[in-house]
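Okay, structure first, notes after.
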Amino acid sequence: MKIIISGGGSGGHVYPAIAIANGIKAVRPKAEILFVGAKGKLEMEKVPKAGFPVEALNIRGFDRQRKFRNITLPFNLLSSLVKAGKILRRFQPDVAIGVGGYASGPLLHAAARRKIPTLLQEQNSYPGVTNKLLSKRAHTICVAYDGMNRFFDERKIVLTGNPVRTDIANLKDRKAEALKYFGLNAEQPILFAFGGSLGAKTINESFLQQTDLLKKMNAQLLWQTGKFYHEQIKNSEAAQLPNVHIHPFIDRMDLAYAAADVVIGRAGALTISELCMVGKAAILIPSPNVAEDHQTKNAKSLADKNAAILIRDKEARQQLLVTALDLLVNEERRKQLGANIKQLAQPEATKKIVAEALRLIA
């Protein structure tokens with residue numbers, strides 16, 4: 001059995017792809033799995049670490065800020081389609097799985113043209129451009145939200161939920177290990193803040209602008225700054241405080257979640273799915289720079305169920321740290337939020353997606 005998985009560009013696509021690959025290996029240990037991603041992106045580092053081979057396409061997304069860079073996009077796309085065809089001829093997969101992001105476009109398009117069964121995994125409540133285009137030829141589309149027939153052919157849709165990393169499925173009794181790993185103090189509560197692999201400007205500035213409050217708080221901050229902002233932040237006054245622990249990127253998200261009393265993050269599909277799985281009190285700051293403002297919809301769906309606290313991006317610099325510290329001292333509220341978000345978890349998502357892929361092969 002040969003399975004090819006394509007997509008990436010960000011953790012929101014890479015980690016679900018790895019979760020699917022691990023799920024396939026759990027039921028078909030002899031299956032051959034090949035990843036195809038974008039040159040220079042996160043998948044080129046994380047996929048080999050997870051034990052899978054990966055090949056790169058010279059493809060990138062549309063640059064909305066520096067539009068002059070898009071001149072070369074047609075050439076990148078053409079060369080990627082040619083290489084995708086060569087990979088498919090050599091590997092001869094039984095099924096092609098696309099997890100979204102521009103990296104999956106050429107490979108899944110080439111697979112569909114060659115009559116290879118294709119499965120799309122759409123994490124968000126509002127699909128990206130790539131999956132919208134690919135959906136017309138896809139055989140199966142696995143989704144995490146109801147109402148996706150607004151975008152896709154209803155006959156192809158299977159509601160599965162989003163796959164998450166297997167290492168976060170059970171965090172019970174792992175706090176001591178987590179505190180030791182990050183060098184944290186067991187006597188003080190812990191805020192864990194992150195904004196994706198590159199970082200989130202608003203979340204970072206919310207702490208940089210509240211340094212006086214960071215100094216006074218009887219709590220610790222475990223802070224993933226993102227690689228893009230780390231150089232700027234590591235020399236700041238906030239980063240020198242003994243109760244602030246900064247990291248450009250955190251590989252051991254399982255231990256970060258295990259350590260945390262309150263989690264602060266954006267409201268992307270992967271973050272939401274992981275928070276539901278770990279059942280932690282969460283404060284969500286939706287990114288305003290996403291299609292159809294879908295992160296606000298994600299966060300609001302939780303806030304309406306009393307399963308998370310929603311703070312708008314434009315209000316975060318003033319409200320975020322104050323709200324987080326109030327939540328840290330309100331144990332009853334934390335327990336309530338954690339219990340409510342845990343009820344929304346979809347722990348069988350990976351198994352359902354794997355079953356759909358195997359069904360296509362059969």
Side-chain angles (χ1 to χ4, degrees), residues 3-22 33-67 69-84 86-88 91 96-111 120-124 127-131 133-134 162-165 194-201 224-231 247-251 253 265-266 268-271 274 287 289-291:
I3 297 164
I4 203 161
I5 302 176
S6 188
S10 70
H13 294 121
V14 175
Y15 292 116
I18 293 172
I20 292 169
N22 286 329
I33 300 174
L34 175 66
F35 280 77
V36 177
K39 184 179 179 181
K41 294 299 181 181
L42 189 69
E43 54 269 30
M44 292 299 123
E45 175 192 350
K46 300 302 176 186
V47 170
K49 273 190 178 179
F52 298 100
V54 61
E55 296 206 27
L57 301 179
N58 188 25
I59 188 73
R60 56 184 175 79
F62 187 84
D63 194 324
R64 289 176 173 82
Q65 270 75 46
R66 297 164 292 181
K67 292 186 178 178
R69 294 189 65 202
N70 298 318
I71 294 171
T72 61
L73 274 183
F75 303 101
N76 294 138
L77 181 57
L78 184 59
S79 69
S80 295
L81 284 167
V82 171
K83 186 169 183 181
K86 291 178 179 177
I87 292 170
L88 291 169
F91 188 65
I97 300 172
V99 294
Y102 52 82
S104 67
L107 194 287
L108 270 290
H109 175 77
L120 299 182
Q121 199 264 320
E122 175 54 60
Q123 293 111 359
N124 291 297
V129 173
T130 302
N131 272 359
L133 293 172
L134 293 172
N162 282 326
V164 299
R165 312 169 225 219
F194 67 105
S197 56
L198 295 179
K201 183 180 179 183
Q224 178 181 287
T225 62
K227 295 178 181 179
F228 187 79
Y229 298 98
H230 187 69
E231 286 300 313
H247 300 263
F249 187 80
I250 292 176
D251 278 309
M253 285 293 286
R266 289 299 199 187
L270 177 65
T271 299
E274 290 188 346
S287 170
N289 306 311
V290 295

Validation row: F194, M253 side chains within 4.5 angstrom (heavy atoms): yes

Student check: side-chain heavy atoms of V99 and S104 closer than 4.5 Å: no

Could you check whether N162 and Q121, counting side-chain N and O atoms only, form a donor-acceptor pair closer than 3.5 Å? yes

Quick one: are K41 and Y102 in side-chain contact, heavy atoms under 4.5 Å? yes

Whether E43 side chain and A38 backbone form a donor-acceptor pair below 3.5 Å: yes

Okay, side chain of S6, backbone of G105: is any donor-acceptor separation there less than 3.5 Å? no

With a 4.5 Å heavy-atom cut-off, do K46 and D251 have their side chains touching? yes

Are side-chain heavy atoms of Y15 and L270 found at a separation under 4.5 Å? yes

Please list, chain by chain and in numerical order, all residues satisfying side chain to side chain contact (heavy atoms under 4.5 Å, CB included) with A111, sequence neighbours excluded. L88, A96, I116, T118

Contact check, side chains of I20 and I3, non-hydrogen atoms, under 4.5 Å: no

Any heavy-atom pair between the side chains of I5 and V47 that's under 4.5 Å? no

Given side chain to side chain contact (heavy atoms under 4.5 Å, CB included), test N124 with V290 step by step and report yes or no. CA-CA 11 Å; N124 291 297; V290 295; over 6 Å; no

Output for pair (L107 CG, I59 CD1), nearest 0.5 Å, gives 11.5 Å

Any heavy-atom pair between the side chains of I18 and R165 that's under 4.5 Å? no

